[in-house]
Amino acid sequence: MSGRVPSVAPSDGGGSLMVAWRLAGRRVLVVGGGTVAAGRVRAALDADARVRVVAPRLTAELRRRWQAGEIDWRPDTLHDTDLDEPDLALVLGCVDDPDTSQRLADGARARRIPVNCADIPALCDVWFASGHRDGPLQLALSTNGQGPALGARLVRRLVASLPDEVGTALTRFGVLRQAIRKAAPAPTDSRRRMTWLTGLSRSWSWEALSDLDGPAIDRLVAAFTRGDPPPDDPGRSPRHPQTGRITLVGAGPGDPGLLTTAARDALASADLVLADRLC
């Protein structure tokens with residue numbers, strides 16, 4: 001092999017591999033029954049996992065989930081055999097005892113099961129990201145264990161800038177995507193499907209995507225089947241011109257700490273900010 005080898009960007013170590021993990025139907029073991037455990041259980045249930053909690057006592061929230069049949073509960077301390085359950089995909093330690101956390105992490109790793117021990121980064125194979133959920137939309141932000149509270153603060157700022165219709169738009173675009181796949185299921189149609197849908201997703205506003213109903217989806221599928229290009233965003237027609245919005249934000253004496261919550265949200269969601277020399 002001859003010729004000059006193309007240069008590649010250097011790797012930047014110290015990060016984590018960010019993935020979306022499908023846990024539907026798989027078992028998650030939570031050791032501990034306090035407030036932290038309740039949050040971990042909610043996250044696992046949102047992922048449709050089967051959850052077992054091992055703890056002498058439960059918070060009121062976890063007890064209600066157990067009574068409703070959402071989780072299994074063994075009212076006891078950790079036994080090594082708890083880690084031998086078939087199909088155990090994830091182990092979550094939520095206890096204040098360092099010895100129990102160490103034993104849990106050692107046992108999980110010996111069985112090649114990913115483990116997270118709350119507030120003990122050295123014992124974690126996986127982190128819990130600060131997140132936001134709106135229907136199919138999930139945002140996850142990780143500080144790699146350096147500042148979870150700061151991560152949550154950043155997520156709140158990002159969420160303030162999201163379009164109001166984003167969750168509905170993603171749900172309805174997913175319905176359209178499946179309808180077009182059904183109309184052209186052949187592997188040879190894959191490139192055309194993706195090119196067509198990509199063109200639509202780049203040119204239509206979030207509001208227009210969120211307004212997709214059954215008849216509108218049928219019309220788009222028919223256009224795709226005929227070989228037409230993606231139609232223009234209906235909200236950008238001359239009869240429905242797109243208009244912008246201007247928000248005037250008073251800066252008071254100029255100290256950022258004196259901004260109101262409304263002013264902060266307006267700045268966070270703005271496409272353009274103009275400021276005079278007083279700021």
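Since this is a predicted model, take the numbers as computed values, not measurements.
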Donor-acceptor contact present, side-chain [X] to main-chain [Y], <3.5 Å:
X: Trp196; Y: Gly227; answer: no
X: Arg192; Y: Met194; answer: no
X: Arg172; Y: Ser210; answer: yes
X: Trp204; Y: Pro231; answer: yes
X: Ser16; Y: Met18; answer: no
X: Arg74; Y: Thr77; answer: yes
X: Arg52; Y: Leu29; answer: no

Quick check: do [X] and [Y] have side-chain heavy atoms less than 4.5 Å from each other?
X: Arg65; Y: Val53; value: no
X: Leu137; Y: Leu162; value: yes
X: Ser130; Y: Leu154; value: no
X: Asp87; Y: Arg50; value: yes
X: Leu197; Y: Phe173; value: yes
X: Asn116; Y: Leu90; value: no
X: Ile180; Y: Thr225; value: no
X: Val51; Y: Glu70; value: no

With a 6.0 Å cut-off (strictly less than), is the heavy-atom count around [atom1] of [X], excluding the residue itself, greater than 12?
X: Arg177; atom1: CZ; answer: no
X: Asn144; atom1: CG; answer: yes
X: Asp271; atom1: CG; answer: no
X: Asp232; atom1: CG; answer: no

(Q) Any salt bridge linking Arg27 with Asp72? Criterion: basic side-chain nitrogen under 4.0 Å from a carboxylate oxygen. (A)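 Judged by the 4.0 Å cut-off on N to carboxylate O distance, Arg27 and Asp72 do form a salt bridge.
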Q: May I ask you to say whether Asp84 pairs ionically with Arg111, meaning some side-chain N is under 4.0 Å from a carboxylate O?
A: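 Looking at Arg111 together with Asp84, the answer is yes, because their closest N to O distance falls below 4.0 Å.
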Do you know which two heavy atoms are closest between [X] and [Y], and how far apart they sit?
X: Arg109; Y: Ala122; value: NH2-O, 3.5 Å
X: Gly33; Y: Ala55; value: N-CB, 3.4 Å
X: Ser101; Y: Cys117; value: O-SG, 3.7 Å
X: Pro163; Y: Trp206; value: CG-CD1, 3.4 Å
X: Pro114; Y: Ala89; value: CD-O, 3.4 Å
X: Val249; Y: Ala266; value: CG2-CB, 4.2 Å

Q: Apply side chain to side chain contact (heavy atoms under 4.5 Å, CB included) to the pair Leu92 and Val41, showing each step before the final yes or no.
A: CA-CA 9 Å; Leu92 304 175; Val41 167; over 6 Å; no
Is [X] linked to [Y] within one hydrophobic cluster, defined over Ile, Leu, Val, Met, Phe, Trp and Tyr using a side-chain heavy-atom separation of less than 4.5 Å?
X: Val91; Y: Ile120; result: no
X: Leu78; Y: Val115; result: yes
X: Leu23; Y: Leu88; result: no
X: Leu45; Y: Phe128; result: yes
X: Ile217; Y: Leu209; result: yes

Q. Side chains of Ser203 and Asp233: is there a donor and an acceptor less than 3.5 Å apart?
A.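 Distance-only check fails for Ser203 and Asp233.
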Q) What's the verdict on side chain to side chain contact (heavy atoms under 4.5 Å, CB included) for Leu62 and Val30, showing C-alpha distance, side-chain angles and the deciding distance? A) CA-CA 11 Å; Leu62 288 176; Val30 179; over 6 Å; no
Roughly how far apart are [X] [atom1] and [Y] [atom2], rounded to 0.5 Å?
X: Arg157; Y: Leu141; atom1: CZ; atom2: CG; answer: 12.5 Å
X: Trp73; Y: Leu58; atom1: CH2; atom2: CG; answer: 4.5 Å
X: Asp134; Y: Leu139; atom1: CG; atom2: CG; answer: 9.0 Å
X: Phe224; Y: Arg193; atom1: CZ; atom2: CZ; answer: 7.0 Å

Q: Kindly determine whether Asp80 and Arg103 satisfy salt bridge (Lys or Arg N to Asp or Glu O under 4.0 Å), including the steps that lead there.
A: CA-CA 8 Å; Asp80 290 342; Arg103 184 161 63 95; 2.9 Å; yes
Q. Which of these, Leu200, Thr198, Thr195, sits in a side chain to side chain contact (heavy atoms under 4.5 Å, CB included) with Pro230?
A.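 Option passing the side chain to side chain contact (heavy atoms under 4.5 Å, CB included) with Pro230: Leu200.
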Q: Write out all pairs satisfying salt bridge (Lys or Arg N to Asp or Glu O under 4.0 Å) with one or both partners inside residues 212-227, taking only residues at least two apart or from two chains.
A: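 Sorted result for residues 212-227: Arg226-Asp228.
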